[in-house]
Amino acid sequence: MKQPVEKNRKAGGEENGSGKNGAGGPGLKLTKKDFATDQDVRWCPGCGDYAILSTTQKLLADLGVRREDTVFVSGIGCSSRFPYYMNTYGFHSIHGRAPAIATGLKVARPELDVWVITGDGDGLSIGGNHLMHALRRNVDLNIILFNNKIYGLTKGQYSPTSEPGTRAPSTPHGSVDHPANPLSIALGAGATFVARAIDVDAKHLGEVFARAHAHKGTSFVEVLQNCPVFNDDAWAPIVDREHKSVRQLRLAHGQPLRFGKDGELGIRLGAGLAPEVVAVGDGDGEVPPSALLHHDERAPTHYAHLLAELAHPAFPVPLGVLRAEDRPSYEALVGEQVEGAVSARGEDATLHNLLHSGMTWEVGDDGLPR
Amino acid sequence: MKQPVEKNRKAGGEENGSGKNGAGGPGLKLTKKDFATDQDVRWCPGCGDYAILSTTQKLLADLGVRREDTVFVSGIGCSSRFPYYMNTYGFHSIHGRAPAIATGLKVARPELDVWVITGDGDGLSIGGNHLMHALRRNVDLNIILFNNKIYGLTKGQYSPTSEPGTRAPSTPHGSVDHPANPLSIALGAGATFVARAIDVDAKHLGEVFARAHAHKGTSFVEVLQNCPVFNDDAWAPIVDREHKSVRQLRLAHGQPLRFGKDGELGIRLGAGLAPEVVAVGDGDGEVPPSALLHHDERAPTHYAHLLAELAHPAFPVPLGVLRAEDRPSYEALVGEQVEGAVSARGEDATLHNLLHSGMTWEVGDDGLPR
Amino acid sequence: MSTTAESRESQKASRTRVDNVVVRFAGDSGDGMQLTGTEFTKAAATAGNDIATLPDFPAEIRAPAGSLAGVSGFQVHFASGAAQTPGDEPDVLVAMNPAALRANLADLPEGGILIANIGAFTKPNLKKAGYDENPLENGTVDRYRVYAVDISKLTTAALDETDLSSKEKARCKNFFALGLMFWMYSRDPQREVAHIEAKFASKPRLADANARAFKAGYYYGETAEVFQDVVYEVEPAAFEPGVYRNISGNEALALGLVAAGQLADKPVFYSGYPITPASTLLHSLSGYKHYGVTTFQAEDEIAGVGAAIGAAYGGHIAVTASSGPGIALKAEGVGLAAMTEVPLVIVDVQRGGPSTGLPTKTEQSDLLQVLFGRNGECPLPVLAASTPSDAFDTAIEAVRIAITYVTPVVLLSDGYIANGAEPWRLPDVSSLPAIASSHRRDPEGFQVYQRDPETLARDWVVPGTPGLEHRIGGLEKDALTGNVSYDPLNHERMTHVRSEKVERVAREIGPLAHTGPDEGDVLVVGWGGTYGALRQAAQEMQRRGHRVAHTHLRYMNPLGEELGERLSRFRRVLVPELNMGQLRLLIRARYLVDAIGFNKVQGQPFKVSEVVDAISDLL
Amino acid sequence: MSTTAESRESQKASRTRVDNVVVRFAGDSGDGMQLTGTEFTKAAATAGNDIATLPDFPAEIRAPAGSLAGVSGFQVHFASGAAQTPGDEPDVLVAMNPAALRANLADLPEGGILIANIGAFTKPNLKKAGYDENPLENGTVDRYRVYAVDISKLTTAALDETDLSSKEKARCKNFFALGLMFWMYSRDPQREVAHIEAKFASKPRLADANARAFKAGYYYGETAEVFQDVVYEVEPAAFEPGVYRNISGNEALALGLVAAGQLADKPVFYSGYPITPASTLLHSLSGYKHYGVTTFQAEDEIAGVGAAIGAAYGGHIAVTASSGPGIALKAEGVGLAAMTEVPLVIVDVQRGGPSTGLPTKTEQSDLLQVLFGRNGECPLPVLAASTPSDAFDTAIEAVRIAITYVTPVVLLSDGYIANGAEPWRLPDVSSLPAIASSHRRDPEGFQVYQRDPETLARDWVVPGTPGLEHRIGGLEKDALTGNVSYDPLNHERMTHVRSEKVERVAREIGPLAHTGPDEGDVLVVGWGGTYGALRQAAQEMQRRGHRVAHTHLRYMNPLGEELGERLSRFRRVLVPELNMGQLRLLIRARYLVDAIGFNKVQGQPFKVSEVVDAISDLL
Ligand SMILES: Cc1ncc(C[n+]2csc(CCOP(=O)(O)OP(=O)(O)O)c2C)c(N)n1
Ligand SMILES: Cc1ncc(C[n+]2csc(CCOP(=O)(O)OP(=O)(O)O)c2C)c(N)n1
Ligand code: SF4
Ligand code: SF4
Ligand SMILES: [Mg+2]
Ligand SMILES: [Mg+2]
């Protein structure tokens, strides 16, 4: 009997070089276009999803990943149509369950590069639990949550991230739910990598995705995405060119939390641990950069929570990597146990011996036990 | 046509005085025993659930609540058998879904006092999403999570709160999952009341339950519970008499974070926002109480996260109310909308007029439109 | 508007009269075809025609403009007789762009009228639709009566004087098309102009522009000589006297639930999670708060049924709804409701399956799921609505049974009923029977699973009632006390009681809906949204002199005895279904009758002609 | 131990020989009855008896000591002939306390042997069991042959010399009882002592104490004269030559899955969420990591099936298991697997329902759920195991079909099979046929939904394969390219293909398991865990000279043609099931045969005598 496991665990690697579409050989470098499929993209004109798709296609080309080793798993929603447009392996699954499916895939095939595409409804409403458990386990997935604060595909009902008072088909008098903060939920669940970016800021989005891709363990990225049809300009106050310098806080590891056109504003920890916005400088009532909070992706988690809680209009909205922590990934630990057991087993671990384990007895030709 | 809503919304109140079992009349004060049912309690000998049951029965008697207005809703698990032993209304539902059922009940009948009993498996594994959404919405429920870090009822598999390396029937080589922190999850979900107590410390447990009961909005209480059969002494390092003074941090609003036999130890915020244990006093290398973190139940949430992250053995484990925030409860907001709509409607809001709304036309006796 | 009623009357006089017409509007998702179709339908309805509609839209919100995937259609059938279905094929196809033409042309019969917006037949649009050449010019449409109108240009021209952007102007073209159709079918344009003004009251610029475009279309019809030979007049249908409105299935269902609440004098609690084609039920009901309706948009379908159970337990009329995938998710919760015996209505607005399937298409493939899709022996009453307006009655019926028998009840609808519309004769509210319901308040001798000897209902006791404190749950319970019981015979007894309770509902069935002879050659048995097609087909066969009858079921469980007797009086039994034969399986199993299936699984309703052929095959 | 084999031989000679004996151990959940029963079973098996067992434990982990709710039982039937069921009623009841007596006495036939531990018949214990007086003293047990032994005291006395606490000593009393039974049925005590030592190797104090208690019980039997008239000898059964082991259904299922992985030369991925009585499958498999098995304890059943789908998509042999409520939750995921056509095995270890029901009791009430409990037309192959060891073969078969036809397959088991045990003749590993499986690697001409013309399987392409990148999902897909398709005829075509693919599995059915004549008066048709009882009943009727046969199905879907032919050759068809008639419904619908149901829903298996009576009623 052969040893199926080791063989399979290497399967991806073994065959990569030879495929005609593989990116293995020199000079075969794929372009962004190679990551597009022949399917018409069916999002509404102006949908933020286009930008995210484009950034992703470009990034994968830039990173030089192999198409055949890349898998996009999604749930259901406008955003979850994403895999159809990526010329990689893709699985458009059912509502909310992509993290579970991706977990099974990644545990079975750790050599694959597995992305999960989800929406604020898919990932936080019906799928909240799977998201939470994938994050807790730290399965090495890249989870991208398209947050348009609305259910797009089902025509505009409010979602768990919608602002209170959202008037939508199911809430003609305005919604009364307190909105969920995707980053707080992810952090509360024990996520090791938590970040946020904007659909249309391709450069920054690409950088954040690259970081997410590089992270070993679950990377969780919230992308602020515009749905021009059902929730147009929901992020405008933050994304808006005019105000973005004072409403966005770009995080850089080791750097003080500064924002404003010329970094003239900053955030420090005030009384009662409340963060406060201060003017930066050495003038009167101004605060030197050293007195500001300094960004640390590896600080104790409550610091990342502090960032996650910074919200418009009282604060600028943090963008970039809030937290990046090293912790062994789930599939690695599982793989170690299985591989350990496989390699520790003796020659006698045959199917025959397995069946014959425990208490056995023999019955002779006379039909009686020996 | 009568107006069903108002009538029903008052139903509990209307009829309370008259019931023979009501606690309404003077001199009818119920005792702890009145809250016990005639059913044999079927937990294993020594199970921590007994103590929680007893504390709850006593508390309800002390609070003088009406049995008929009190409902215990639970999922499935050893802990979820709880309702059978409370002589109130009770609903032993299905695995993980108690928060959803309780939400429906509370929204329909806001005058009822609704408790949810759940376990670490029921509430955090299969039921994590419903828990999260109840907390986010802030439905006025008292959710008590019995955390024995194991699946009791199904005979001892590891749970989402089990320590890594737990050897259980499904993990003979030890579990590899990173454990969930119930308090962090609750806070990340936007809980307005978060607390922790210990099964066998009846006095403190009773106080915490009383606070939870008084809180308007979802109260979430994690109870550290011992399962002598499948996870005996899982909490012993913390609960243990000998060490408890240095391993438990009793929270008191407005007070510094102090612990130890005579409060000789304390916690302050150190470099990089990392909490640290310090000796309290005015001696060398000691720190005055004023320099310690002071407990504030209403501080920005990241502070409660800091507390939730304090874990044995590096830190004492915080017990008591970590966070209590005022935010309108979900059922109150929903009720306002419905009641507002009902009272704003004119005399003409009859069923007849409803059916006749929109574009109508009449067909005469000749079968032709008029 | 200058066209007076009189001038229209005289105009009508010169028109060809036909019994019925089927018009299909087809265009881009962004072209407003659903609105156009709906407005045209209303006009036909108020003019006294019987109507039936079939909206058909893509699963995408807005697929790329001009693409095949983005084509949205709306078919309306209006008739001077009964319009029982939206029509087998269109008499008139309005194609707003090449993709719309391509997606729909095959359905247009030879000689059918094609109105094409040539303004949209540009190179890029042709390409997007997969045409190499312009089909209007290469013979493709030779078999039809083609009217090529540059609707785009004419609309823009009509809006010359307005300050709209050219994009905005282009968006008014559906109203031009609507105006044209109004003229072709002698509809009252004034009324429509008033509608437009009311509809866009908050956006007067748009109101004005749409009204202009509409009038321009109408006048174009009147003026352009080309149309003179295709103007028609469909006489009003003979309706029962009464007040009518046009109603879609989900709206009727919503009204039925509100009515049930009023009839039972109890608040209604609806919880659900959005899903096509059930969402609009949530939308409708959330607008009826002033009728004491509380709606709860849950985090998922499991919470949806959970919250409904909680509300039912609390004494409300509790309803949860979804479509196939969501109903699958609710299964465990529905089992709990069955075990604990709380009254509850579960609505399944069926769509194409399996899995995500065809979300915007209709199908009848959840019957066996709602009957058997739960663990253990867990029978429930199941009712099915058969037309949009029937959803109103079925909703009241479902609530009545849930409350009377203290049991969850499943109500089946489908995408065709939910989105389709028909004229509805409004019931006299005072004639609707009250729904008796009571919550036990007497503690004397109370036992949790004591039953009414007639209905086998247990008492519906709600929390808040002093002296009746008790515990229920999903474990098997003692047949009397309701305490947890593992006793083998008690379990068997309870299993039988739960089953018998459902069987008792058979008393409510009443005479079966039936057309045709009481015995004969072929009995067509159907259920749900195929009602109109089956009835019309059976009537057609009767007209042709065959002994064919049609029985349509509302009660899918229990099936009752009358059906068995009726089946035995026909030589052949045909069960047409939009599935692979689900009712057929039940009928064969229960009555041992060799029922033949006629099955279509295309996400589309039956055509009358298909059913006629299937019946003919059996004769 | 001093009893030599020879002395036992001579002892045996003087004993009454009987063909079969049924012993039931009953005591408190804390009394170790399951262990006692299991050990006794092993001894009988190794001594060459055929055996069948029925563990019966409460849903609570440990209900209050001494309470009725806390009674745990284990029944073992050992025979010199075939022990096809655990026996209708016990010949010997060992009651460790009053509650155990009360809960089980009714099952003991008149003249049965009752061994009661009088040491536990204390006032408080009697009260907990609901006895006002001691039933051993007030005539209650007069109809039985009563042996009152103070097992508690004797055990404590035997452990006098040890340093165990008195609580620890008391806990050894089950080994005393075991020793006594060993003596009564001439089992080899040395072997057991060796077992005890091995089992408690890590706790030598306990090993010593349990061995002492065991020997004390054995010697007590030998010494106490009272037992001389009830010592029995059951000759070894005549078995096929081979190597045997005692196996429970879930363990056999686990081994079958491991074997399937080896036979297919592929890793096995199992994911599930704990639930009685499926959990032990997860437990077993998690111990087989060294055979390349990965187990994943998911956060719930939905994630359980989700992860399995992911692993199947990744090329593993993927399995998920649960019991009724969890299977309900998996429905939507199973539908996705069906739509995307990934190979997957879904195991349903059935228990008493509906809802939470009777978690630790057996039932066959999920058949219709697994067939129909999904939205849309979503047929799947469904196989059912019929005995504990048959679960091994059925598991391999299920995997083979899943891989060959690239489809999800449901495997039904039940609590009775899962926990019951029987001697299993170990298969010759080299005779097990390999499971052919391949992943397409050739990009040339690849189409996602291209099919093998024989099996209709699509290619199982796994990520990581260059040039075959493609997308799948739950929306309806084009029959060739796999791209999303809303085309009506394509949907119908795919619906038929999915259905036809399942029908093709009929080729795998092979000849049906059948005993008795090929035609005759009554054909008993069964499935699942009732196998033994039905077969034995049919054989009994044959012995009585009746033309009765028994056919037992492994394939619940498709049913295949042979069954239809066979049904037609019998005057009456009886379908005994532990449900309300689920297979019966299928048979009636498919073959239009008036199959009669014999149904029991008590959470307990059939007694042979019940089935015999039911058959007799039809003659
Ligand atoms: C089980 C199930 N429930 C509900 C739906 C309907 N549904 C599809 S997508 C969606 C919400 C999508 O919202 P989001 O995840 O925010 O995605 P978006 O469309 O906004 O990108 C819903 C409710 C479904 N397909 N399946
Ligand atoms: C749908 C479903 N899945 C699984 C189970 C089996 N089950 C019952 S309780 C339980 C876990 C209980 O753990 P926990 O919530 O921690 O409660 P405890 O018994 O430890 O108090 C499980 C898995 C079930 N009853 N229903
Ligand atoms: S509905 Fe919104 S999210 Fe969906 S495709 Fe259209 S614009 Fe994008
Ligand atoms: S198994 Fe554990 S949690 Fe359950 S009743 Fe027993 S001791 Fe308590
Ligand atoms: Mg969204
Ligand atoms: Mg637990």
Side-chain angles (χ1 to χ4, degrees), chain A residues 1-5 8 11-12 15-16 18-22 37 39 67-69 71 83-84 87-94 97 100-105 107-109 111-112 129-130 133 334 337-338 341-342 344-345 349 351-352 354-356 358-365 367-369, chain D residues 42 45-48 236 238-246 255 258-259 261-262 265-267 269 271 289-292 294 296 298-300 302-303 306-311 313-316 318 332-333 336 426-427 429 441 443 463-475 483-484:
Chain A
M1 201 68 35
K2 300 203 210 122
Q3 312 306 338
V5 175
N8 195 286
E15 290 141 21
N16 276 333
S18 57
K20 67 167 191 178
N21 283 308
T37 63
Q39 295 294 294
R67 288 196 298 217
E68 66 270 24
D69 288 348
V71 188
Y84 289 124
N87 193 359
T88 60
Y89 283 90
F91 204 142
H92 178 221
S93 75
I94 44 177
R97 319 304 176 189
I101 294 171
T103 295
L105 177 61
V107 171
R109 300 285 307 279
E111 75 280 11
L112 297 174
N129 203 38
H130 307 301
H133 284 276
V334 170
Q337 278 198 351
V338 173
V342 168
R345 78 181 176 200
L351 182 55
H352 175 91
L354 174 62
L355 300 188
H356 285 252
M359 198 189 64
T360 60
W361 67 94
E362 216 181 318
V363 170
D365 290 338
L368 295 180
Chain D
K42 282 189 198 161
T46 38
F239 280 96
E240 291 273 292
V243 178
Y244 284 77
R245 77 186 267 196
N246 202 16
L255 290 174
V258 174
Q262 303 276 313
D265 196 14
K266 298 188 74 55
F269 181 95
S271 66
K289 293 201 173 49
H290 52 305
Y291 285 88
T294 300
F296 174 57
E299 58 270 26
D300 64 11
I302 300 177
I309 290 171
Y313 174 60
H316 281 222
E332 197 203 7
L336 176 69
L426 297 171
V429 166
R441 307 198 178 283
T465 317
L468 293 183
E469 296 82 5
H470 67 279
R471 276 64 52 191
I472 56 173
L475 286 166
N483 290 330
V484 172

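Side chains included, hydrogens not; waters and symmetry mates left out as well; all remaining heavy atoms used. The sequence lines fix the lettering, A, B, ..., with proteins before strands; numbering per chain opens at 1.
- Annotation: maximal heavy-atom pairing with chain A below 4.5 Å, among D:Ser271, D:Pro236, D:Gly242, occurs at D:Gly242.
- For the set D:Gly474, D:Ala303, D:Ala238, the count of heavy-atom pairs under 4.5 angstrom toward chain A peaks at D:Ala303.
- When the candidates A:Leu354, A:Asp365, A:Thr360, A:Val71 are compared by the number of heavy-atom contacts under 4.5 Å with chain D, A:Leu354 comes out ahead.
- Interface residue A:Ser93: backbone and side-chain heavy atoms are both found under 4.5 Å from chain D.
- Each of A:Asn129, A:Ile94, A:Thr103 has some count of heavy-atom pairs under 4.5 Å with chain D, and the biggest count is that of A:Ile94.
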Would you please test A:Tyr89 and A:Asp69 for side chain to side chain contact (heavy atoms under 4.5 Å, CB included) and show each step? CA-CA 8 Å; A:Tyr89 283 90; A:Asp69 288 348; over 6 Å; no

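- With respect to chain A, the highest number of heavy-atom pairs below 4.5 Å among D:Val484, D:Asn246, D:Ile302 belongs to D:Ile302.
- If you tally non-hydrogen atom pairs under 4.5 Å between each of A:Thr88, A:Leu105, A:Val363, A:Thr37 and chain D, the highest count goes to A:Val363.
- When heavy atoms are compared at a cutoff of 4.5 Å, D:Phe269 approaches chain A solely by way of its side chain, counted from C-beta outward.
- No side-chain donor from either of D:Arg245 and A:His356 sits under 3.5 Å from a side-chain acceptor of the other.
- Interface residue D:Leu426: only side-chain heavy atoms are found under 4.5 Å from chain A.
- Between the CZ atom in A:Arg97 and the CD1 atom in D:Ile309 there is a gap of 11.0 Å [rounded to 0.5 Å].
- Contact check for A:Glu68 versus D:Thr465: no side-chain heavy atoms found under the 4.5 Å cut-off.
- Heavy-atom distances place both the backbone and the side chain of D:Glu332 under 4.5 Å from chain A.
- Options A:Ala341, A:Gly90, A:Pro83, A:Ala344 differ in how many heavy-atom pairs under 4.5 Å they form with chain D, and the most are formed by A:Gly90.
- Between A:Tyr84 and D:Leu475 the shortest side-chain heavy-atom distance falls below 4.5 Å.
- When the candidates D:Ala308, D:Gly48, D:Gly306, D:Gly473 are compared by the number of heavy-atom contacts under 4.5 Å with chain A, D:Gly306 comes out ahead.
- Residue contact with chain A, scored on non-hydrogen atoms closer than 4.5 Å, involves the backbone and the side chain of D:Ala45 alike.
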Derivation and outcome, side chain to side chain contact (heavy atoms under 4.5 Å, CB included), residues D:Asp300 and A:His133: CA-CA 10 Å; D:Asp300 64 11; A:His133 284 276; over 6 Å; no

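- Looking at D:Thr46, the atoms closer than 4.5 Å to chain A (heavy atoms on both sides) sit in the backbone and in the side chain alike.
- A heavy-atom distance below 4.5 Å is found between the side chains of A:Asn87 and D:Arg471.
- Between A:Trp361 and D:Tyr244, the ring planes are parallel. Angles under 30° get that label, and only those over 60° would be called perpendicular.
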Side chain to side chain contact (heavy atoms under 4.5 Å, CB included) evaluation trace for D:Tyr291 with D:Leu255: CA-CA 10 Å; D:Tyr291 285 88; D:Leu255 290 174; over 6 Å; no

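- Residues D:Ile472 and D:Tyr313 are in side-chain contact: their nearest non-hydrogen atoms beyond the backbone lie under 4.5 Å apart.
- Contacts between A:Gln337 and chain D at a heavy-atom distance below 4.5 Å involve backbone atoms as well as side-chain atoms.
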